[in-house]
Amino acid sequence: MKHNFKLIEPKWQKRWQESKVFEAADFDERPKFYGLVEFPYPSGAGMHVGHIKAYSSIEVVARKRRMQGYNVLFPIGFDAFGLPTENYAIKTSTHPRIITDQNIEKFSNQLKKVGFSFDWSRVIDTTDENYYKWTQYIFLKMFEHGLVFRDTALVNYCPSCKVVLSNEDSQGGKCDICHSDVVQKSKTVWYLKITEYADKLLEGLADVDYPKNVKQQQENWIGKSTGAFVWFDVKGTGEKLEIYTTRPDTLFGVTFMVIAPEHPLIDKYADQIGNMDAIEAYRTECTKKTEFERTQLVKDKTGVRIDGLTAINPLNGKEIPIFIADYVMMGYGTGAIMAVPAHDQRDYDFAKKFGIDIIEVIRGGDIAKEAYTGDGEMVNSEFLNGYTNKKDSIARVIEEIKKMGIGEAGVQFKMKDWAFNRQRYWGEPIPLIHCPNCGVVPVPYEELPLRLPDVENFEPGEDGESPLAKIDSYVNCKCPKCGRDAKRETDTMPQWAGSSWYFLRYIDPHNDQAIADRKKLEYWMPVDWYNGGMEHVTRHMIYSRFWHHFLYDIGEVNTPEPYAKRSIQGLILGPDGDKMSKSKGNVIDPLDIVEDYGADTLRTYVLFMGDYGAAAPWNDNSMRGCKRFLERVAGMTDLVSDDPSTQKLETSFHKTIKKVSSDIEEVKFNTAIAALMTLTNTIYSAGALSKEQLEIFIKLLSPFAPHLTEEIWESLGHTDFLSVSAWPEYDESKTVDETIEIGVQINGKVRGTVVLPTDCGKDEALAAAKADEKIASYMEGKTVVKEIYVPNKIINIVVK
RNA sequence: GCCGCUGUGGCGGAAUUGGCAGACGCACUUGACUCAAAAUCAAGCGGGUAACACCGUGCCGGUUCGAGUCCGGCCAGCGGCACCA
């Protein structure tokens, strides 16, 4: 047979679609498998080869599972709210709804051309009102449970996008959308209390199968630290200044305190502060610094002493000065620290610059040169003197400060609450109403969805005001509680809202009574295997795990963790080894490859390129090698024979079944394909194979190259789909050859090989080795010291 | 600075977890077919040698009959976090 991909690929895609062979069946008695891939943002540019690689992994697993007799749910949808569409809408004066529909249409067609076995009856679109109704529903549930709050604080703000960003959306001080520098701005924003779930998100990691680096990155992001809160009296005010520290056992080494420039203590006692002018000047200066400047000036500490306010060390009653300095952040801990210059480098640098005392309380370093942060004997610390173990001294001091009522043990997280509103049009409207009488009132559940109104102009207002604020008919409403005139919240939800629960909607996409039917949720959840990119580990994955834990707590879902297993795909780089980008002109369009080489070649190649989790450059020649391989597979149909000699291939077949089966489970698609190539070479050398053997071969290949293998299956006389035929079984005893060639070493160096019966005994093996002429020559005139024989592996003869 | 990952031919990458390093694919060389080219088929392909020897998995040392794999110490690259108290 010839591999005529242009003919067969559309043919099978049509048949799969018409027969609904990939549609999942709820409550089927077969075991279930829920395979998930990160649904795409339908951009105007269409699909990227990265999408193909990302989807091909679960595609292969899903196809294998179906053949193994599982009831498989492998869905796809579109995460379609977001800025790129909105910006394109502004540029072209087209409604985002129209653009989104066009892009979804384009993406769907492209996905179908690659032959992915998605269940197209369950497609979701996060911008569909019947979908975002439930996004709003979950939001209101969170509101109801006190997880939504409003606060005025310093937030990440992107001046270019004119939008408030969450911590996750401004990693490294850059806007996630346009990559320009984020500034800190005081704003009143809506938060989701994700920090309330910090511990659950951390502990949940113990129960899931994620790659190590994924777990570690999430742990870092959550950033739990344990320590203590300590309250310092501010002399003459009755005020307690609360600090957080991980080393409360260094309390006797405190020689000053530092509070963040934004700390409320300053304004509260402004009239007692003698140098308010200097302090105000410093505060102004701080707000002008960009994130970049702050991180670049790490060594150069700045600050101002607050005249008129001094603190008292609660352990020894010593008076200590208070400074403001921007190396202390309002956003972490309490915005105030006790400074122990002898044992913290930042405090040390500050103390040196301002001429403050440095008191050693832990021995082991040289505090004349630098701060000592290691372990050692405690000194100058009264009741702590003599402790040498940090754990013990911390435990002791916590006990003591608790007794004295001056502090307590505590934990802190780096993770911050999720700034949840965006001053944008193309997002889910936030279903809250501001009533002058009742305060913030939720839109009643029965009024959901709160629909996005039509507007003329999608541009945000000058001071970062949402476009929705300009529509009086939307803004003005009646308070659901008291019935008086009220105003709607006009901001929308962030990009990540819709994707925080989408995997639940696939389970019951058309349900208008609930997120999804409870029984169906219990049947399908959790997601058995979720593949995606590293870039979502500290955004989408954290957010969606948070929402899911919440839904579990209120009894809406049956598992705390949404994803049982996670895998990560590595980037496909351009042929030049650089990241693909339009400006570099090194972008490979997957549809061009489908057109010129076929979908089966594309699919096989993206998985054959290398280690699935690692980045690898695209290589046209290497891709053609995969096409050549598929052509050789097509050619096997001409080798089918009932000649008894084909029985000699049996061992190779059993080995290959075993290898391909296990490699797919271990995300080693490259070696699974390599094994099939090796078997192809073996078959061609043999010159013939049986019909049954060819059937096994195409079954093993079908998850990778489903079109060609369906075609061969049909040509062999089958009228059913290969895609749902039974996955081949292997017989362990038949995976072993009768004879095996092993290496023979003299003194650890390979000097020859010998062919032995499998599992041959030691005497026989050594005799065979010594009979070898070359081996014998190496042993001549030497005495044998030791003989090592590992069956089926190696012979090593040590001589002197 | 802290944490994590990775270093193997000309290239992408294998190696049953301590047992013949370089599977499979690409590139390359030679041959067959062809007027010729492409495609295809056959053979070769880490360095080195006429052939052996010998040298080879980032570097230095160690354990072992035997190390890409284990241990100790470095070096380089990538990713994440970062004045986190």
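Since we're looking at a predicted model, the values are computed, not measured. We use all heavy atoms of the structure for the numbers below, so side chains are in, but hydrogens, waters and symmetry mates are not. First the proteins, then the strands, lettered A, B, ... as listed; each starts at 1.
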To the nearest angstrom, how far is [X] atom [atom1] from [N] atom [atom2]?
X	N	atom1	atom2	answer
A/Gln745	B/rG19	CD	P	11 Å
A/Asp611	B/rG13	CG	P	8 Å
A/Met677	B/rA14	CE	C1'	13 Å
A/Tyr605	B/rC24	OH	P	18 Å
A/Arg751	B/rC65	CZ	P	19 Å
A/Leu639	B/rC41	CG	P	12 Å
A/Phe413	B/rC81	CZ	P	19 Å

Original post:
For RNA chain B, what string of dots and brackets results from 5' to 3' when Watson-Crick and G-U pairs need both distances under 3.5 Å, crossing pairs get [ ], and pairs with another strand get |?
Top reply: (((((((..(((......[....))).(((((.......))))).((......))..(((((..]....))))))))))))....

Using 4.0 Å as the upper bound for N to carboxylate O, is an ion pair formed by [Y] and [X]?
X	Y	result
A/Lys414	A/Glu219	no
A/Lys627	A/Glu631	yes
A/Lys655	A/Asp737	yes
A/Arg247	A/Asp249	yes
A/Asp349	A/Arg346	no

Subject >> Along RNA chain B (nearest heavy atom to each residue), the more 5'-positioned of A/Thr538 and A/Val798 >> reply: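 Counting from the 5' end, the first nearest nucleotide belongs to A/Val798.
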
Original post:
Does A/Met330 or A/Ile788 map to a spot on RNA chain B nearer the 5' end, using the closest nucleotide for each?
Top reply: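 The residue closer to the strand's 5' end, by nearest nucleotide, is A/Ile788.
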
Does [N] have OP1 or OP2 sitting under 4.0 Å from an N or O in the side chain of [X]?
X	N	result
A/Asn681	B/rG25	yes
A/Arg632	B/rU40	no
A/Asn670	B/rA14	yes
A/Tyr244	B/rA85	no
A/Arg628	B/rA39	no

Please give the distance between the [atom1] atoms of [N] and [M] as a whole number of Å.
N	M	atom1	answer
B/rG72	B/rG1	C1'	24 Å
B/rG9	B/rC5	P	22 Å
B/rA15	B/rG68	P	16 Å
B/rC84	B/rA67	C1'	42 Å
B/rU40	B/rU6	P	37 Å
B/rG73	B/rC78	C1'	23 Å
B/rA76	B/rG58	C1'	7 Å
B/rG31	B/rC59	P	38 Å

Original post:
Looking at A/Arg566, A/Lys53, A/Arg539, which one forms a salt bridge (Lys or Arg N to Asp or Glu O under 4.0 Å) with A/Glu38?
Top reply: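 With A/Glu38 as partner, salt bridge (Lys or Arg N to Asp or Glu O under 4.0 Å) holds for just one option, A/Arg566.
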
**OP:** Test A/Ile795 against every option in A/Ile788, A/Val754, A/Thr753 by the side chain to side chain contact (heavy atoms under 4.5 Å, CB included) rule and name the one that passes.
**Re:**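 Answer after filtering A/Ile788, A/Val754, A/Thr753: A/Val754.
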
Of the candidate nucleotides [options], which contains the atom at the shortest distance from the side chain of [X]?
X	options	answer
A/Asn796	B/rA14, B/rC20, B/rG66	B/rG66
A/Asp326	B/rA27, B/rC83, B/rC84	B/rC83
A/Thr753	B/rC20, B/rG13, B/rC84	B/rC20
A/Thr246	B/rG25, B/rC20, B/rA85	B/rA85
A/Lys414	B/rC65, B/rC81, B/rC83	B/rC81
A/Asn220	B/rG80, B/rG4, B/rC84	B/rG80
A/Gln217	B/rG80, B/rA85, B/rA14	B/rG80
A/Thr678	B/rA85, B/rA14, B/rA23	B/rA23
A/Gln216	B/rA85, B/rC20, B/rC3	B/rC3
A/Lys749	B/rC55, B/rC83, B/rG25	B/rC55

What's [X] touching, base or sugar-phosphate or nothing? Going by heavy atoms closer than 4.0 Å.
X	value
A/Gln412	nothing
A/Val790	base
A/Asp347	nothing

Original post:
Are side-chain heavy atoms of A/Val750 and A/Val744 found at a separation under 4.5 Å?
Top reply: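 When only atoms from C-beta onward are counted, A/Val744 and A/Val750 do not touch, as no gap falls below 4.5 Å.
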
Original post:
Heavy atoms, side chains only, cut-off 4.5 Å: are A/Asn220 and A/Thr538 in contact?
Top reply: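 In short, these two side chains do not touch, never coming nearer than 4.5 Å.
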
Subject >> Side-chain donor/acceptor of A/Asn531 to backbone N/O of A/Ala54, under 3.5 Å >> reply: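 Yes.
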
Subject >> Donor-acceptor pair between A/Asp347 and A/Tyr327 side chains, under 3.5 angstrom >> reply: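 A donor-acceptor contact under 3.5 Å links the two side chains.
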
Original post:
Taking atom types as modelled and ignoring hydrogens, do the side chains of A/Tyr543 and A/Glu168 form a donor-acceptor contact shorter than 3.5 angstrom?
Top reply: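 Side chains of A/Tyr543 and A/Glu168: pair found under 3.5 Å.
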
**OP:** Carefully, step by step, assess A/Phe350 and A/Phe323 under the rule ring-ring contact (aromatic ring centres under 6.0 Å, His included).
**Re:** CA-CA 10 Å; A/Phe350 193 88; A/Phe323 289 78; 5.1 Å; yes

Original post:
Using the glycosidic torsion, which applies to B/rU17: syn (within 90° of 0) or anti (everything else)?
Top reply: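 Nucleotide B/rU17 adopts syn.
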
Original post:
When you check the glycosidic angle of B/rG22, does it come out syn, meaning within 90° of 0, or anti?
Top reply: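 Anti conformation for B/rG22.
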
**OP:** Test side chain to side chain contact (heavy atoms under 4.5 Å, CB included) on A/Glu732 and A/Lys658 and set out the steps.
**Re:** CA-CA 8 Å; A/Glu732 184 69 46; A/Lys658 183 180 179 181; 2.9 Å; yes

**OP:** For this output row, return yes or no: ring centroids of A/Phe256 and A/Phe354 closer than 6.0 angstrom.
**Re:**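 Between A/Phe256 and A/Phe354, the centre distance exceeds or equals 6.0 Å.
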
With the criterion being N/O to N/O and under 3.5 Å, what pairs connect the protein with nucleotides 9-12 of chain B, and how long is each?
unit_1, atom_1, unit_2, atom_2, d
B/rG12, O2', A/Met609, O, 2.4

Distances under 3.5 Å between nitrogen or oxygen atoms of protein and nucleotides 15-18 of chain B:
unit_1, atom_1, unit_2, atom_2, d
B/rA15, OP1, A/Lys668, NZ, 3.3

